[in-house]
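The block underneath contains the structure these notes are about, expressed in structure tokens.
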Amino acid sequence: MTSSYLWDIFLPLVILLGMFVIYQTIRYRNMISYRDANKWEWSKIKNSISISLSSKIGTGAIIGVLAAMFKNSSNGVGGEGIVLWIFLGMFILVPITYCEVLFSRITEKTPREFIDYNLNSKAGSIYTVCLVILYTFGFVGFQLTGIQSVVKNFMTENIGYSFPKLNVLLFIIVPLIVIVSLIVITKNHKLFINCLASMITTIIILYGLFFLIFLVKTIDFLPKYLYLVWKDFINFKSASIGIPIGLVIGFQRIIQISETGLGTSALASSDGNNSPRREALLQTISTILTVVVAVIITSYVFSYGRYNLPNIMLTQNGYQRITGYFTSVKAVTGYLGGAIIMIFFIISGFTTILGSFHFINTTMQISENKRILFYIILISLSGMFSISNFNVIFDASDLLMFIVSSINIIAMFMFTIKNIKKFKVK
């Protein structure tokens with residue numbers, strides 16, 4: 001795939017540009033922003049954190065980690081080592097979230113406007129189109145895959161009914177797309193997003209409690225899990241120009257899970273009531289929480305099932321990986337844990353699906369009716385590919401993530417060497 005070659009060849013350049021941006025941010029931070037002397041107010045913190053977490057923690061994070069484990073294992077490594085590769089990548093990528101939010105707030109520009117200003121309008125247009133397709137086709141595809149997996153697993157476990165592909169399309173995907181389309185057409189998407197976002201905050205807390213119970217019940221497996229992570233990490237394979245494959249996969253999944261470098265954190269903080277520095281810090285904290293929760297919980301739960309329960313394997317089939325995850329959950333925590341995971345998948349899935357329309361509204365400069373039509377076409381295509389060929393969604397997402405993050409990081413790089421001094425605080 002084209003995306004694989006791009007990541008393998010240009011990842012070192014992206015890393016170097018990102019590190020330079022971080023260095024320049026540290027160097028000029030006191031010049032472009034004041035230190036926030038105000039006390040922390042929970043009402044302001046809660047709003048920023050909940051919006052960010054509700055848009056990032058969810059089905060796509062679980063699917064992304066499971067896929068990363070498989071991709072790592074298909075290169076002759078066990079799979080668990082991807083955990084350390086992701087955490088290694090965090091030290092480079094997550095600070096970029098701080099930079100992009102800080103720059104967006106001090107310049108008072110959206111990511112699209114920021115790219116137009118520091119590069120040109122053509123780069124801004126490419127960024128916008130790719131970001132919209134990434135979210136509305138790629139990330140929505142992850143959510144639709146997760147939701148249909150939940151429904152199929154429930155029907156198989158409790159009724160003994162196995163959905164053929166046509167029935168998945170007719171009775172799961174089509175109704176979902178119709179419901180979402182009606183919400184968007186009637187312009188009620190913001191109401192639903194706010195309701196779902198408030199619900200998912202509670203679900204995230206329940207999700208954390210579920211994992212604590214899971215961890216306590218399987219504490220004897222923890223030493224083996226840590227050993228597997230370390231053993232697979234040091235047994236790395238190289239990509240085309242000598243870069244560890246684990247690092248490439250880790251960077252891809254950090255961007256997919258936490259959306260760092262895509263500009264979406266800046267969009268999420270645009271309505272925040274905090275100072276630029278504090279808003280950047282809050283978005284960074286939520287990014288770290290997202291990655292840690294997604295990677296540790298998903299990898300540990302699946303690995304336990306993989307090494308202690310029958311018929312749980314890292315396979316190419318995404319549905320089988322998700323089913324293995326569910327099986328591991330229910331084997332240890334019973335139906336209560338299974339119910340929490342099902343609700344988590346469904347609510348977070350709907351939040352992301354509807355949230356993707358928000359990015360179309362805030363970035364695409366076309367009429368509202370055209371935005372709605374474009375959105376419905378993309379989620380419909382995503383729904384069909386989620387059934388027939390999920391790998392298309394996954395590969396397209398990796399390619400689009402590379403394009404979007406590269407343009408955004410290059411724009412930040414140009415800002416730090418050409419325009420940052422223009423925004424000196426007075």
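Just so it is clear, the values below take in all heavy atoms, side chains as well, and ignore hydrogens, waters and symmetry mates. This chain uses plain numbering: 1 for the first residue, then up along the sequence.
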- Query: Which class fits the ring pair F20 and Y23: parallel under 30°, tilted 30 to 60°, perpendicular over 60°?
  - Reply: tilted
- Partner residues of L182 under the side chain to side chain contact (heavy atoms under 4.5 Å, CB included) criterion, sequence neighbours left out: V178
- Sub-3.5 Å donor-acceptor pair from the side chain of R105 to the main-chain atoms of S275, do we have one? no
- Within the side chain of W85, is there an N or O that forms a donor-acceptor pair under 3.5 Å with the backbone of N72? no
- Partner set under side chain to side chain donor-acceptor pair (under 3.5 Å) for K152, not counting sequence neighbours: none
- Task: Classify the ring geometry between F114 and F415 as parallel (under 30°), tilted (30 to 60°) or perpendicular (over 60°).
- Result: tilted
- Positive for side-chain hydrogen bond (donor to acceptor under 3.5 Å, both in side chains) with T218, one of Y225, Y300, Y304: Y300
- So F394 and F70, ring-ring contact (aromatic ring centres under 6.0 Å, His included) or not? Walk me through it. CA-CA 13 Å; F394 207 89; F70 166 73; 9.4 Å; no
- Query: Residues in side chain to side chain contact (heavy atoms under 4.5 Å, CB included) with T284, at least two apart?
  - Reply: V94, T97, Y98, I288
- Are side-chain N/O atoms of N153 and K330 paired as donor and acceptor at under 3.5 Å? yes
Can you give the donor-acceptor pairs under 3.5 Å from side chains of residues 401-411 to other protein atoms, not counting sequence neighbours?
unit_1	atom_1	unit_2	atom_2	d
S405	OG	M401	O	2.6
S405	OG	F402	O	3.4
S406	OG	F402	O	2.6
N408	ND2	E100	OE1	3.1
N408	ND2	G261	O	2.9

- Please confirm whether the backbone N or O of G141 pairs with a side-chain atom of T145, one donor and one acceptor, at under 3.5 Å? yes
- T416 side chain to F413 backbone, donor-acceptor under 3.5 Å: yes
- Strictly by modelled atom types, are S386 and Q148 linked by a side-chain donor-acceptor pair under 3.5 Å? yes
- Please, which pairs that meet side chain to side chain donor-acceptor pair (under 3.5 Å) have at least one residue in residues 164-186, sequence neighbours excluded? Y161-N167, T186-N188
- What pairs with Y375 under side chain to side chain donor-acceptor pair (under 3.5 Å), at least two apart in sequence or on another chain? none
